[in-house]
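The basis for the numbers below is simple: all heavy atoms, side chains too, and nothing from hydrogens, waters or symmetry mates.
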Amino acid sequence: MSVELYDNPIVSQDYKFLIEHQWNGDAITYTSPAEVRMAFSEGSVRVGVSGPLLEDSRIPPSPPGQPCDELWEYDVVEIFFLGEKDKYLEVEFCPHGQHLVLLLDGTRNMFKDKLPLQFTAVKNSRASRWTGSAIIPLEYFPPGVCKMNAYAIHGSAESRQYQALYPASKDFPAPDFHRLQFFQDFNFKSLFPRGFVIPESPLWKARA
């Protein structure tokens with residue numbers, strides 16, 4: 001796992017994360033790992049993702065730019081943002097342009113899904129790589145975001161790999177991206193300019 005910070009004290013702090021481990025801590029076999037970037041963008045969070053583009057990457061049934069049920073069954077890069085009282089946001093991105101946004105109140109307790117998202121993806125077959133760009137509205141983030149994790153899923157059948165920015169321990173027999181105890185500290189407020197006030201979200205207000 002690698003994290004880089006791009007610090008501008010006048011504006012905000014950008015983040016870059018490299019997903020360099022399997023879900024249980026083993027090193028990945030890809031020479032070019034999946035990548036996540038985050039930055040402030042006009043009252044929202046701009047996210048950039050990229051990852052390996054495999055020849056057997058299946059195309060989800062939903063059109064590009066639209067939500068897709070059970071997107072985790074395909075190749076994806078996922079980001080989880082954990083806030084107060086185990087409330088968290090899960091955002092999934094697919095190399096073929098589909099996405100999935102879920103709001104959860106407690107482990108796996110999803111109460112909203114398939115929220116709209118501005119997301120585009122571009123595939124570079126020659127480089128065996130894909131990149132994507134998204135704008136996440138602030139109202140999607142739970143109150144008090146303080147931890148995060150990111151994941152990548154690639155391949156099919158026996159070659160399918162489940163990778164984690166902050167992996168679980170080898171005590172577990174199988175991957176589970178909702179093990180909140182392995183999320184690590186994340187200074188969410190540093191993404192925003194000095195003095196910026198994160199507005200209260202109507203999506204989460206009823207879950208207080």
> Can you name the salt bridge (Lys or Arg N to Asp or Glu O under 4.0 Å) partners of K205, sequence neighbours left out?
Replying inline: none
>> Checking side-chain polar atoms at under 3.5 Å, does S32 have a donor or acceptor matched by the opposite partner on R129?
In response: yes
> With a cutoff of under 4.5 Å between side-chain heavy atoms, which Ile, Leu, Val, Met, Phe, Trp and Tyr residues group with V197?
Replying inline: none
>> Would you say Y151 ends up clustered with V45 if hydrophobic residues are merged whenever their side chains have heavy atoms under 4.5 Å apart, either directly or through other cluster members?
In response: no
>> As a quick check of understanding, evaluate side chain to side chain contact (heavy atoms under 4.5 Å, CB included) for K147 and Y88, giving each step before the final call.
In response: CA-CA 9 Å; K147 292 179 181 287; Y88 58 107; over 6 Å; no
> Taking side chain as C-beta onward, heavy atoms only, is L102 less than 4.5 Å from E92?
Replying inline: yes
> Shortest non-hydrogen contact from A121 to C94?
Replying inline: CB-O, 3.8 Å
> Closest heavy-atom contact between S156 and S159?
Replying inline: O-OG, 2.7 Å
>> What's the separation between atom CG in L191 and atom CD1 in I198, rounded to the nearest 0.5 Å?
In response: 8.5 Å
>> Would the distance check show the side chain of W130 and the main-chain N or O of N124 forming a donor-acceptor pair, the cut-off being under 3.5 Å?
In response: no
> About how many Å separate SG of C146 and CG of D185, when rounded to the nearest 0.5 Å?
Replying inline: 7.0 Å
> How many angstroms lie between atom CD of E139 and atom CG of L103, to the nearest 0.5 angstrom?
Replying inline: 9.0 Å
>> I'd like to know whether L89 forms a side chain to side chain contact (heavy atoms under 4.5 Å, CB included) with V101, so could you lay out the CA-CA distance, the side-chain angles of the two residues, the decisive distance to 0.1 Å, and finally the verdict.
In response: CA-CA 7 Å; L89 163 67; V101 178; 3.7 Å; yes
>> In the structure I gave you, are the side-chain heavy atoms of L117 and P137 within less than 4.5 Å of one another anywhere?
In response: yes
> Can you name the residues that form a ring pair (Phe, Tyr, Trp, His ring centres under 6.0 Å) with W72, not counting sequence neighbours?
Replying inline: none
> Which residues satisfy the ring pair (Phe, Tyr, Trp, His ring centres under 6.0 Å) test with F81, sequence neighbours excluded?
Replying inline: F141
> Less than 4.5 Å apart, any side-chain heavy atom of L104 and any of N109?
Replying inline: no
> NZ/K85 to CZ/R207 distance, rounded to the nearest 0.5 angstrom?
Replying inline: 12.0 Å
>> Looking at every non-hydrogen atom in both residues, tell me the closest pair between P116 and Y140 and how far apart they are.
In response: O-OH, 2.6 Å
>> Can you list everything that forms a salt bridge (Lys or Arg N to Asp or Glu O under 4.0 Å) with R160? Sequence neighbours excluded, please.
In response: D75
> How far apart are the C-alpha atoms of V91 and V47, what are their side-chain angles, what is the distance that settles it, and do they pass the side chain to side chain contact (heavy atoms under 4.5 Å, CB included) test?
Replying inline: CA-CA 10 Å; V91 189; V47 170; over 6 Å; no
> Are more than 12 heavy atoms from other residues, nucleotides or ligands located less than 6.0 Å from atom CD of Q118?
Replying inline: no
> Can you name the residues that form a side chain to side chain contact (heavy atoms under 4.5 Å, CB included) with P33, not counting sequence neighbours?
Replying inline: L18, E20, I28
> According to the interplanar angle, ranging from 0 to 90°, do the rings of F119 and F93 count as parallel (below 30°), tilted (30 to 60°) or perpendicular (above 60°)?
Replying inline: tilted
> Hey, is the main chain of C68 close enough, under 3.5 Å, to the side chain of Q98 for a donor-acceptor pair?
Replying inline: no
> How close do F182 and N149 get, heavy atom to heavy atom, and via which atoms?
Replying inline: O-ND2, 4.1 Å
> Side chains of F188 and Y15: does their closest heavy-atom pair fall under 4.5 Å?
Replying inline: no
> Would the F192 and F40 ring centres measure less than 6.0 Å apart?
Replying inline: yes
>> Just verifying a value: how many Å separate R179 CZ and S169 OG, rounded to the nearest 0.5 Å?
In response: 8.0 Å
>> Is there a side chain to side chain contact (heavy atoms under 4.5 Å, CB included) between L138 and S201? Walk through the geometry before answering.
In response: CA-CA 7 Å; L138 288 183; S201 168; over 6 Å; no
>> Show the nearest heavy-atom pair for residues P167 and N24, with the distance to one decimal.
In response: CB-C, 4.0 Å
>> Centre-to-centre under 6.0 Å for F186 and Y166, is that the case here?
In response: no
>> Quick check for you: to the nearest 0.5 Å, what is the distance between F80 atom CZ and M148 atom CE?
In response: 10.5 Å
> Do you reckon V76 sits in the same ILVMFWY cluster as M38, going by side-chain contacts under 4.5 Å, direct or chained?
Replying inline: no
> Taking C-beta and beyond as the side chain, do H96 and K123 meet within less than 4.5 Å on heavy atoms?
Replying inline: yes
>> Tell me the closest heavy-atom pair linking P60 and Y74, and the distance in Å.
In response: CA-CE2, 3.6 Å
> Does a side-chain N-to-carboxylate-O contact under 4.0 Å join K170 and D26?
Replying inline: yes
>> Counting C-beta onward and ignoring hydrogens, is there a side-chain heavy-atom pair between F177 and I153 closer than 4.5 Å?
In response: yes
>> Taking the basic N atoms (NZ, or NE/NH1/NH2) and the acidic carboxylate oxygens, is any pair closer than 4.0 Å for K114 and D69?
In response: yes
